[in-house]
2 protein chains.
Amino acid sequence: MTVQGPTNVDLVRQLWERFDAGDFQGAGDLVHEDFVMDWPQSRERIRGRSNFVAVNRNYPGRWRCRPRRIVDCESLVISEVEVTDGTTVVYALSFFEAKDGLLARAREYWGDTYEAPAWRAPWVERY
Amino acid sequence: MTVQGPTNVDLVRQLWERFDAGDFQGAGDLVHEDFVMDWPQSRERIRGRSNFVAVNRNYPGRWRCRPRRIVDCESLVISEVEVTDGTTVVYALSFFEAKDGLLARAREYWGDTYEAPAWRAPWVERY
């Protein structure tokens with residue numbers, strides 16, 4: 001019998017579960033000590049586990065995280081997650097690389113909600 | 001000898017090439033007539049090829065599209081694309097489903113650029 005360890009998809013699922021629980025130290029346990037997270041929209045780079053934990057711990061507000069999809073893609077795990085503080089909803093689109101059972105690197109985008117513009121209403125439905 | 005047709009990744013690459021060229025009719029040729037595109041951030045749904053072409057043709061501005069990554073993921077093709085009109089840069093994160101050699105369905109997110117907030121500067125590098 002082969003005992004399977006957690007897959008890379010499991011790792012990313014656990015990461016979002018720990019963020020959802022506000023367990024930022026536990027989230028840090030899922031990444032390498034030299035983990036690097038890039039946020040291209042603001043050209044910010046978080047280098048190292050302790051900075052990763054600190055940014056998330058200090059992030060204003062209490063955010064719940066609901067993964068909509070987590071997929072295994074070639075050497076990546078990609079997640080699509082709805083994040084809300086009960087008032088604002090944003091979407092996190094994250095591209096993770098795993099190595100030796102921990103997350104090694106990520107590039108993450110954040111999509112705000114916005115009003116549908118009037119100009120395209122003739123060709124668009126609302127849902 | 002087996003002649004390979006275009007892969008699903010090729011389809012998505014061609015879609016972005018045609019958007020980049022402003023060839024919206026050509027982009028429409030890569031999707032099924034009943035193609036559906038969802039934009040969760042504004043809860044907009046574009047149903048059908050002709051609406052898809054019309055929204056893109058009427059989109060204000062001339063946008064160039066530079067794919068950063070296009071990956072094959074289980075039943076999806078996921079693309080990460082930098083889109084710019086020369087002044088504003090936005091990122092498109094798109095999750096496509098293909099069927100029978102054409103794109104059938106997509107869910108797409110748009111990430112705006114923004115200023116890095118001061119509160120997290122102690123733990124973050126700029127790049």
Side-chain angles (χ1 to χ4, degrees), chain A residues 9 36-60 68-82 89-95 97 107-127, chain B residues 9 36-60 68-82 89-95 97 107-127:
Chain A
V9 166
V36 176
M37 165 70 87
D38 284 353
W39 282 335
Q41 292 159 272
S42 52
R43 302 184 68 80
E44 290 176 282
R45 176 167 296 152
I46 306 170
R47 194 183 291 279
R49 177 193 290 151
S50 67
N51 287 323
F52 179 65
V53 171
V55 167
N56 283 291
R57 182 175 282 151
N58 287 281
Y59 205 102
R68 185 165 183 170
R69 193 149 55 180
I70 302 176
V71 284
D72 195 11
C73 306
E74 298 167 7
S75 63
L76 299 169
V77 176
I78 301 177
S79 65
E80 181 189 354
V81 180
E82 192 180 293
V89 174
V90 297
Y91 295 93
L93 298 317
S94 312
F95 298 72
E97 297 169 39
R107 194 149 75 221
E108 188 167 74
Y109 297 88
W110 293 87
D112 294 327
T113 47
Y114 58 87
E115 284 300 306
W119 66 262
R120 62 196 184 216
W123 310 291
V124 167
E125 299 171 14
R126 306 300 309 282
Y127 73 93
Chain B
V9 166
V36 176
M37 165 70 88
D38 285 352
W39 283 334
Q41 292 159 274
S42 51
R43 302 183 68 79
E44 290 175 282
R45 176 167 295 151
I46 307 170
R47 193 183 291 278
R49 177 193 289 151
S50 66
N51 287 323
F52 179 65
V53 171
V55 167
N56 283 290
R57 181 176 281 149
N58 287 282
Y59 206 101
R68 184 161 185 174
R69 192 146 58 178
I70 303 177
V71 284
D72 196 10
C73 307
E74 300 168 6
S75 62
L76 298 170
V77 177
I78 300 178
S79 65
E80 182 190 353
V81 180
E82 191 181 294
V89 174
V90 295
Y91 295 94
L93 299 316
S94 313
F95 298 74
E97 297 169 36
R107 196 152 70 219
E108 189 167 74
Y109 297 88
W110 293 87
D112 294 328
T113 47
Y114 58 86
E115 284 300 309
W119 67 261
R120 60 195 185 217
W123 310 291
V124 165
E125 300 172 13
R126 305 299 311 279
Y127 74 93

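Because only heavy atoms are used, hydrogens play no part in the values below, and waters and symmetry mates are left out as well, while side chains stay in. All chains are named by letter (A, B, ...) in the order of the sequence lines, taking the proteins before the strands, and each is independently numbered beginning at 1.
- Put simply, CG on A:Asn58 and CZ on B:Arg120 are 11.0 Å apart, with the number rounded to the nearest 0.5 Å.
- Here A:Arg107 is the residue among A:Met37, A:Arg107, A:Arg126 with the most heavy-atom pairs under 4.5 Å with chain B.
- Contact annotation for A:Ile46: both backbone and side-chain heavy atoms come within less than 4.5 Å of a heavy atom of chain B.
- Between chain B and the options A:Val89, A:Asp38, A:Leu93, heavy-atom pairs under 4.5 Å are most frequent for A:Leu93.
- Taking SG of A:Cys73 as the reference point, atom CZ of B:Arg69 lies at 9.5 Å (rounded to 0.5 Å).
- Residues A:Phe52 and B:Trp123 place their aromatic rings such that the two centres sit no closer than 6.0 Å.
- Using a 4.5 Å heavy-atom cutoff, the side chains of B:Arg68 and A:Pro40 are in contact.
- One distance of note links CD of A:Glu80 with CD1 of B:Ile78; it measures 8.0 Å at 0.5 Å rounding.
- Listed here is the closest heavy atom pair of B:Glu74 and A:Val71: OE1-CG1, 3.4 Å.
- Closest of all the heavy-atom pairs between A:Trp110 and B:Tyr114 is CD1-OH, 4.4 Å.
- Residue A:Tyr127 comes nearest to B:Arg43 through the heavy atom pair O-NE, 2.6 Å, listed as atom of the first residue, atom of the second, then distance.
- Within the 4.5 angstrom heavy-atom criterion, only side-chain atoms of B:Tyr109, from C-beta onward, approach chain A.
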